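No experiment lies behind these values; they were computed from the predicted model shown. Every chain is numbered from 1 and lettered A, B, ... according to where its sequence line falls, protein lines coming before strand lines.
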Amino acid sequence: MSLRFHNTLTQQTQEFQPLEGNLVRMYTCGPTVYDYAHIGNFRTFVFYDILRRWLRLSGYKLDHVMNITDVDDKIIRNATKLGQSLKEYTDTYTKAFLDDCATLRLERPERLARATEHIPQMAAAIKQLEDDGFTYRSDGSIYFRIAKFPEYGKLSHNDFSGIVAGARVDVDEYDKNDARDFALWKAPKPGEFNWDTEIGVGRPGWHIECSVMAVQYLGATLDLHAGGVDLVFPHHENEIAQSEALTGKQFARYWVHSEFLLVDGQKMSKSLGNFYTLRDLFAKGFTPESLRYLLASVPYRKGLNFTFDGLTSSKTAIERLRTFKHRIDSAKLAPGTNDTVAGQAAAAIHQFREAMDDDLNTAEALGAVFEFLREANTSLDAGGFLEGNRAGAQELMNRFEAVFEVLVPAEQAGALPPEEIETLIAARTAAKKGRDFAKADAIRNELLEKGVILEDTKEGVRWKRK
RNA sequence: GGCGCGGUAGCCAAGUGGUAAGGCAAGGGUCUGCAAAACCCUUAUUCGUGGGUUCGAUUCCCACCCGCGCCUCCA
């Protein structure tokens, strides 16, 4: 079967088909750079990465835009407190975010779009919405009047027809006519960061940046729009209202949303002390690959309960995969092809693709890989795995790695150089040959203390980092 | 209260109208100078609870319970 996604808009899992040939125009909601991103954020960003990779591996060409929100209340507050310019402040966290993404091996979208670099375009869009009668001004701010957009609520499947117009609800420190109306443009406040534009002085509301940047770079209708579930309402609902009011066309055809990450069964929060950034985890000795694997291994539409036990078991699982990869790459095999093994490899490759096609079912895809891993190891132990079976096994592992990318260990600072390791291994092998096992074990322990694990295999000594 | 997601072994988790993938952990074994790695065996008569449909339901329907998210710019 072909690629399917669960579309929030239709609440159904639908076959994915881009509007134009094999080009996928996609937009994903990126970070607000007011602090270091936490592992909950990265659950979603890893999901974007898996989504990108699988689309590419399915033969699609991507045009993917992700926003960097570099102006909002928190940013303004924090930057002001530090006496920094907006740019100075957000550059710090933008860089940290991009570094973290690289560490987690997340593919870069074709374009990153910063909100503050699109202020004139946002003003122009708001101007057009004003001209078309979708807005009103109140206390210097400009609001979108949802009463003018009857389809409001179609994404979150809420019925807003009962909202009483004229009710004044004090939300967000601004006055609105209708509880659900939202700010397109916020009135200037003294001492804050403001922009002087064709619609006046002030700063943009949160939602307008995504509508404007998406349409500017990708056109009126996107194939795919992704984000965390918490963005369904109001953010994405508002994006739809603005965008479709502007263009008169459907904004996005497939909406995909990732579920939340919990920590020890609870929402992550600083007050509970269960709030983690990547830096926190690496400081505890966990590797980027372990986190990447853990975040990727639970299908994106399922809540993910993060635990340190989970991280540890991910590490172990990765080790097993690495050992297997090494084995099929380096094993000395007898000539010929074992049809049974060949069939198992083909079945695994098939099942892997089927699972991923089914709304990115990474858990099932992993199941296919591990099942073959066990079958192949059994054959390898028994000598039934032949030279002609190598390519099929490698093909499966390559496909696995193309999606999950955890097999190559990250470079670790201060690690023992490979030359020194090889020297020690040679000394140990010599000691073993002389039946001096005490010395051999001493060398092995010395290496272990320096984070290097030895394995004596039929093909010789293999080492790996702890 | 409204909308949405979910409740499967110690933990993570897939899945189907026909009788429960996979990973981790644990115990036993094979191999090894000892390890490590790898493999084998063992660990859910049962899939939140109660009804219903059916020859048969974990899978479909109804009700209920529990967890989580959104409904105040939080991925």
Side-chain angles (χ1 to χ4, degrees), chain A residues 6 8 11 28-32 37-48 69 72-74 153 156-160 162 169-173 179-180 182-183 186 205-207 226-235 237-238 257-262 265-269 293-294 297-299 301-307 309-321 323-324 326-327 351 355 358 361-371 373-382 432 435-438 440-441 444-445 448 453-458 461-464:
Chain A
H6 184 88
T8 308
Q11 298 179 292
T28 57
C29 283
T32 299
H38 54 69
I39 55 174
N41 296 316
F42 281 108
R43 204 284 230 246
T44 296
F45 298 131
V46 167
F47 155 57
Y48 297 163
T69 299
D72 89 322
D73 290 344
K74 275 185 287 232
S156 56
H157 307 285
N158 280 310
D159 180 6
F160 293 107
V169 181
D170 186 9
V171 176
D172 200 20
E173 303 164 38
R180 308 289 170 172
F182 57 91
K186 296 183 173 188
W206 174 36
H207 317 292
V229 269
D230 55 323
L231 297 184
V232 172
F233 188 88
H235 184 54
E237 199 72 72
N238 292 349
H257 293 98
S258 58
E259 269 294 335
F260 245 64
L261 175 139
L262 299 176
Q266 292 183 293
K267 182 166 179 171
M268 196 168 31
S269 76
Y293 182 94
L294 178 62
S297 64
V298 178
R301 289 211 306 129
K302 174 138 184 163
L304 191 162
N305 187 23
F306 174 89
T307 62
D309 282 349
L311 260 190
T312 303
S313 64
S314 293
K315 178 185 164 61
T316 310
I318 292 168
E319 277 306 322
R320 191 155 162 237
L321 291 161
T323 300
F324 178 67
H326 181 264
R327 194 174 185 193
Q351 198 191 336
D358 184 12
N361 191 339
T362 48
E364 198 184 340
L366 284 174
V369 172
F370 278 103
E371 203 168 326
L373 182 152
R374 180 172 37 73
E375 291 165 344
N377 268 324
T378 303
S379 308
L380 281 158
D381 281 355
K432 271 179 71 179
R435 315 266 323 152
D436 185 355
F437 294 120
D441 289 352
R444 186 168 66 191
N445 286 334
L448 184 62
I453 297 170
L454 296 192
E455 291 170 15
D456 294 334
T457 72
K458 280 178 195 157
V461 183
R462 183 193 166 208
W463 64 270
K464 64 185 181 185

Chemist: Once the angle between the rings of A:Phe182 and A:His207 is folded into 0 to 90°, is it parallel (under 30°), tilted (30 to 60°) or perpendicular (over 60°)?
Modeler: perpendicular
Chemist: What is the distance, to the nearest angstrom, from the NE2 atom on A:His326 to the P atom on B:A36?
Modeler: 19 Å
Chemist: Please tell me if A:Arg374 has a side-chain N or O lying less than 4.0 Å from either OP1 or OP2 of B:G22.
Modeler: yes
Chemist: Is A:Thr378 near enough to B:C40 that one of its side-chain N or O atoms lies under 4.0 angstrom from OP1 or OP2?
Modeler: yes
Chemist: Partner of B:G18 by Watson-Crick or G-U wobble geometry, both contacts under 3.5 Å, or none?
Modeler: B:C55
Chemist: Rounded to whole angstrom, note down the C1' distance from B:U59 over to B:G6.
Modeler: 16 Å
Chemist: Distance check needed: B:C39 P versus A:Phe370 CZ, whole Å only.
Modeler: 11 Å
Chemist: With heavy atoms under 4.0 Å as the rule, sort A:Leu231 into base, sugar-phosphate or nothing.
Modeler: sugar-phosphate
Chemist: Can you find an N or O donor on one side and an acceptor on the other, under 3.5 Å apart, linking the side chain of A:Asn158 with the base of B:G4?
Modeler: no
Chemist: Look at the side chain of A:Lys267 against the base of B:C68 and say whether a donor-acceptor pair falls under 3.5 Å; ignore hydrogens and angles.
Modeler: no
Chemist: Under 4.0 Å: is that the gap between some side-chain N or O of A:Asn305 and OP1 or OP2 of B:C11?
Modeler: no
Chemist: Pick base, sugar-phosphate or nothing for A:Thr457, based on heavy-atom distances below 4.0 Å to the nucleic acid.
Modeler: nothing
Chemist: Taking CG from A:Leu311 and P from B:A25, how many angstroms apart are they, rounded to a whole number?
Modeler: 14 Å
Chemist: Would you mind classifying the nucleic acid contact of A:Phe437 as base, sugar-phosphate or nothing, using non-hydrogen atoms under 4.0 angstrom?
Modeler: base
Chemist: In whole Å, what separates the P atom of B:C12 from that of B:U19?
Modeler: 27 Å
Chemist: Strictly below 4.0 Å: does A:Asn377 bring a side-chain N or O up to OP1 or OP2 of B:A38?
Modeler: no
Chemist: To the nearest Å, give me how far apart CZ (A:Phe324) and C1' (B:A36) are.
Modeler: 18 Å
Chemist: Have a look at A:Gly303 and say if it touches a base, only the backbone sugar-phosphate, or nothing, with a 4.0 Å heavy-atom cut-off.
Modeler: sugar-phosphate
Chemist: When both hydrogen-bonding distances must be under 3.5 Å and the geometry is Watson-Crick or G-U wobble, what is B:U32 paired with, if anything?
Modeler: none
Chemist: Name the nucleic acid region contacted by A:Leu294, choosing base, sugar-phosphate or nothing; use a 4.0 angstrom heavy-atom cut-off, strictly under.
Modeler: nothing
Chemist: Please give the distance between the P atoms of B:G33 and B:A14 as a whole number of Å.
Modeler: 43 Å
Chemist: Remember a base hit wins even if backbone is also touched, and classify A:Gln11 as base, sugar-phosphate or nothing at under 4.0 Å, heavy atoms.
Modeler: sugar-phosphate
Chemist: Please confirm whether the backbone N or O of A:Ala37 pairs with a side-chain atom of A:Asn41, one donor and one acceptor, at under 3.5 Å?
Modeler: no
Chemist: Are any of A:Arg320's side-chain N or O atoms less than 4.0 Å away from OP1 or OP2 of B:C39?
Modeler: yes
Chemist: Does A:Arg327 come within less than 4.0 Å of A:Asp381, counting only side-chain N to carboxylate O?
Modeler: yes
Chemist: For the P atoms, the ones on B:U8 and on B:G50, what distance do you get once it is rounded to whole angstrom?
Modeler: 16 Å
Chemist: For B:G27 and B:A20, measure between their P atoms and round to the nearest Å.
Modeler: 27 Å
Chemist: Is a side-chain donor-acceptor pair under 3.5 Å present for A:Asp309 with A:Thr307?
Modeler: no
Chemist: Let me know the distance between NZ of A:Lys74 and C1' of B:C74, rounded to the nearest Å.
Modeler: 6 Å
Chemist: Can you spot which of A:Asn305, A:Thr362, A:Leu304 makes a side-chain contact (heavy atoms from CB on, under 4.5 Å) with A:Val298?
Modeler: A:Leu304
Chemist: Looking across every strand, which nucleic acid part, if any, lies under 4.0 Å from A:Ser313 by heavy atom: base, sugar-phosphate, or nothing?
Modeler: sugar-phosphate
Chemist: NA contact type, A:Ala363, heavy-atom cut-off 4.0 Å: base, sugar-phosphate, or nothing?
Modeler: base
Chemist: With rounding to whole Å, what would you report as the distance between B:C47 and B:U58 at their P atoms?
Modeler: 6 Å
Chemist: Just N and O in the side chain of A:Asn361: are any of them under 4.0 Å from OP1 or OP2 of B:A14?
Modeler: no
Chemist: Assess the residue pair A:Tyr293 and A:Lys315 against the criterion (side-chain contact (heavy atoms from CB on, under 4.5 Å)); give the C-alpha distance rounded to whole Å, side-chain angles, the decisive distance to 0.1 Å, and a yes or no.
Modeler: CA-CA 8 Å; A:Tyr293 182 94; A:Lys315 178 185 164 61; over 6 Å; no
Chemist: Between P on B:C74 and CD on A:Glu259, what's the gap in Å once rounded to a whole number?
Modeler: 18 Å
Chemist: Under 4.0 Å, heavy atoms only, any strand: does A:Pro299 hit a base, just the sugar-phosphate, or nothing?
Modeler: sugar-phosphate
Chemist: With rounding to the closest Å, how many angstrom separate the C1' atoms on B:G48 and B:A44?
Modeler: 15 Å
Chemist: Should A:Glu259 and A:Lys302 count as an ion pair when the cut-off is N to O under 4.0 Å?
Modeler: no
Chemist: Provide the Watson-Crick or G-U wobble partner of B:C70, both distances under 3.5 Å; none if there is no partner.
Modeler: B:G2
Chemist: Just N and O in the side chain of A:Lys302: are any of them under 4.0 Å from OP1 or OP2 of B:A14?
Modeler: yes
Chemist: What is the distance, rounded to the nearest whole Å, between atom CG of A:Leu304 and atom C1' of B:C11?
Modeler: 13 Å
Chemist: For A:His257, what residues pass the ring-ring contact (aromatic ring centres under 6.0 Å, His included) criterion, not counting sequence neighbours?
Modeler: A:His236
Chemist: So, A:Asp456 and A:Arg462, do they make that salt bridge, N to O below 4.0 Å?
Modeler: no
Chemist: Sort out the partner of B:A44 for me: Watson-Crick or G-U wobble, both distances under 3.5 Å, none otherwise.
Modeler: none
Chemist: Would you kindly give the NE2-to-C1' distance between A:His207 and B:U72, to the nearest whole Å?
Modeler: 11 Å
Chemist: For A:Gly367, answer base if it contacts any base atom (sugar-phosphate contacts may also be present), sugar-phosphate if it contacts only those atoms, and nothing otherwise; contact means non-hydrogen atoms under 4.0 Å.
Modeler: base
Chemist: Between B:C34, B:G23, B:A75, which nucleotide has the shortest distance from any of its atoms to the side chain of A:Ala317?
Modeler: B:G23
Chemist: Over all strands shown, is A:Thr323 touching base, sugar-phosphate only, or nothing at heavy-atom distances under 4.0 angstrom?
Modeler: sugar-phosphate
Chemist: A:Arg444 near the nucleic acid: base, sugar-phosphate alone, or nothing, with a heavy-atom cut-off under 4.0 Å?
Modeler: base
Chemist: Which of the following nucleotides, B:C3, B:G69, B:G22, is nearest to the side chain of A:Asp230?
Modeler: B:G69
